Amino acid sequence: RPSYIVVHHTATANSTDYSLAHAFSLSRSIQNYHMDHNGWIDTGQNFTISRGGHITEGRHRSLETLGGGVSFVHGAHAGSPANGESIGIENEGTYISVAPTDALYNALVDQCAYICQQYSVPASEIFGHRDFMATQCPGDVLYGMLPQLRSDVAAALGEPPPPAEWPTVRRGDSGERVRTVQYLLRQHGHSLAVDGDFGRQTDRAVRDFQRANGLTVDGVVGPQTWGALIVTVRRGDSGEAVKAAQSQLTAHGISTAVDGAFGPATETNVKSFQSSRGLTADGIVGPQTWKALVA
């Protein structure tokens, strides 16, 4: 069974053709591209949702195995090991600066809820492509909607909203969480590039940080290491931790200049993010806000 769901966008045009015929055409064009251009055996993702809210099967037998709820088809959508651990859902469109249609979002909630039900996957285990690879996918806006998606899926399943938890980040990972770790390590005096790739340099810096703070030296950024890494930042502060918060806000669809200066605009954006997550909207990035940002 899969352990989680990975959400993507197709990075294609935001079509206004919401018909079933268009959804079929979209799925076939993706399949043709993946097979002819990439040389794959089939479509990479398991399912595709059109802007009209139509859900189609991607890789062959994904629907059949989902109905059985016992096994699943490994796709080619988020690299290793995610391909062998997750269901991939492509959402038609490009969501860097705009939100998906209501029809698409509602279908995504329904499809995720069904997948979670069939495979006993917690609603909290819904992620974006960028959580596993260095990519814009699924776009800043859709990525920023993932906490709401998790809550809506939990509601559809009759479960309480999933609490924010510290993620585990380790060597081989890439994406926004890794950038946050790198910014925070720089805040603590470590010299390394902020490139979103958890390679040898980041692994060494994490181990050095853990050793200096009396933590288990394993190179894995889990709850204890996150707790030591984060720095509470507020209006008037500056530095790498502020950049980490600003970069996360932008990744969540709240466009913020990543300049390391915590001014009025950053404070307003922090309050907006806090309100959207049911947190105290005080404009201060403390432990709970950090946890919500990186969850």
Side-chain angles (χ1 to χ4, degrees), residues 1-11 30 34 38 40 42-49 58-59 62 72-91 94-96 108 111-112 115-116 119 121-150 153 162 164-184 193-203 206 218-223 225-226 244 247-248 250-253 291-295:
R1 294 182 177 184
S3 301
Y4 48 94
I5 298 169
V6 180
V7 174
H8 304 258
H9 70 177
T10 59
I30 293 173
H34 284 178
N38 294 350
W40 296 347
D42 198 353
T43 303
Q45 72 275 12
N46 299 96
F47 298 98
T48 307
I49 304 178
R59 184 155 291 207
S62 292
F72 79 107
V73 175
H74 292 196
H77 59 91
S80 179
N83 290 336
E85 300 175 347
S86 65
I87 294 284
I89 303 176
E90 283 277 8
N91 297 276
T94 301
Y95 301 112
I96 295 171
L108 179 59
Q111 184 69 358
C112 287
I115 292 170
C116 289
Y119 290 123
V121 173
S124 59
E125 299 302 296
I126 300 173
F127 302 103
H129 187 187
R130 66 174 61 177
D131 290 324
F132 303 94
M133 303 183 77
T135 174
Q136 283 190 320
C137 183
D140 291 346
V141 175
L142 182 52
Y143 185 78
M145 295 172 69
L146 293 186
Q148 185 61 50
L149 176 63
R150 297 181 191 112
V153 170
E165 297 180 357
W166 292 115
T168 299
V169 187
R170 53 169 56 86
R171 187 166 183 175
D173 289 344
S174 60
E176 191 61 38
R177 289 171 178 161
V178 177
R179 278 189 283 274
T180 298
V181 169
Q182 292 168 333
Y183 275 126
L184 291 172
V194 179
D195 57 9
D197 289 320
F198 201 129
R200 181 184 301 175
Q201 183 187 39
T202 301
D203 180 80
V206 168
D218 57 6
V220 177
V221 182
T225 302
W226 276 116
S247 184
Q248 276 288 352
T250 298
H252 282 283
K291 185 181 290 187
L293 282 169
V294 303

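Keep in mind the model is a prediction, meaning the values are calculated, not measured. All values below come from the heavy atoms of this structure, side chains included, with hydrogens, waters and symmetry mates left out.
Contact annotation: the side chain of Ser62 never approaches that of Ile87 to less than 4.5 Å [non-hydrogen atoms, C-beta and beyond]. The closest side-chain heavy-atom distance from Tyr119 to Ile5 is not below 4.5 Å. Inter-residue side-chain proximity for Phe198 and Val221 is flagged as met; some heavy-atom pair is nearer than 4.5 Å. A heavy-atom distance below 4.5 Å is found between the side chains of Val294 and Pro167.
Of all non-hydrogen atoms in Gln111 and Ile49, the two that sit nearest each other are CB-CD1, 4.4 Å. For Tyr95 against His9, the heavy-atom pair with the smallest separation is N-ND1, 3.1 Å. Shown here for Arg59 and Gly44, the closest heavy-atom pair between the two residues is NH2-CA, 3.9 Å. Shortest non-hydrogen contact noted between Glu125 and Tyr4 is O-CB, 3.2 Å. Trp226 approaches Arg177 most closely through the heavy-atom pair CH2-O, 4.1 Å.
In this structure a side-chain-to-backbone donor-acceptor pair under 3.5 Å is present from Asp195 to Asp197. Checking side-chain atoms of Asn46 against main-chain N and O of Gly58 turns up no donor-acceptor pair under 3.5 Å.
The side chain to side chain contact (heavy atoms under 4.5 Å, CB included) search around Ser124 returns Pro122, Pro162, not counting sequence neighbours. In this structure, Asp218 has no salt bridge (charged side-chain N to carboxylate O under 4.0 Å, His left out) partners at least two apart in sequence or on a different chain. Val141 is linked by a side chain to side chain contact (heavy atoms under 4.5 Å, CB included) to Ala99, Met145, counting only residues two or more places apart in sequence or in another chain. Taking Ser3 as the reference, nothing meets the side chain to side chain contact (heavy atoms under 4.5 Å, CB included) condition, with sequence neighbours excluded. By the side chain to side chain contact (heavy atoms under 4.5 Å, CB included) test, His34 pairs with Ile30, Asn38, Trp40, Thr43, Gln45, sequence neighbours left out. Partners of Glu176 according to the salt bridge (charged side-chain N to carboxylate O under 4.0 Å, His left out) rule, which considers only residues two or more places apart in sequence or in another chain, are Arg179. The side chain to side chain donor-acceptor pair (under 3.5 Å) search around Asn83 returns none, not counting sequence neighbours.
Taken to the nearest 0.5 Å, the CG atom of Leu142 stands 11.0 Å off from the OG1 atom of Thr94. To the nearest 0.5 Å, the span separating CD1 on Ile115 from CZ on Phe72 amounts to 11.0 Å. Residue Leu108 holds its CG atom at 5.0 Å from CG of Leu149, rounded to the nearest 0.5 Å.
Considering Asp173, Thr168, Val206 as possible partners of Val220, the one that fulfils the side chain to side chain contact (heavy atoms under 4.5 Å, CB included) test is Thr168.
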Item to check | Verdict with reasoning, Val178 to Val169, per side chain to side chain contact (heavy atoms under 4.5 Å, CB included) | outcome: CA-CA 7 Å; Val178 177; Val169 187; 3.7 Å; yes
Give every donor-acceptor pair under 3.5 Å between a side-chain atom in residues 129-138 and any protein atom, sequence neighbours left out.
from	atom 1	to	atom 2	distance (Å)
His129	ND1	His8	ND1	3.3
His129	NE2	His77	O	3.4
Arg130	NE	Gln136	O	3.4
Arg130	NH1	Asp140	OD1	3.1
Arg130	NH2	Gln136	O	2.6
Arg130	NH2	Asp140	OD1	2.8
Asp131	OD1	Tyr143	OH	2.5
Asp131	OD2	Gly128	N	3.0
Thr135	OG1	Cys137	N	3.1

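Evaluation of the salt bridge (Lys or Arg N to Asp or Glu O under 4.0 Å) test over residues 81-91, restricted to residues two or more places apart or in two chains, returns none.
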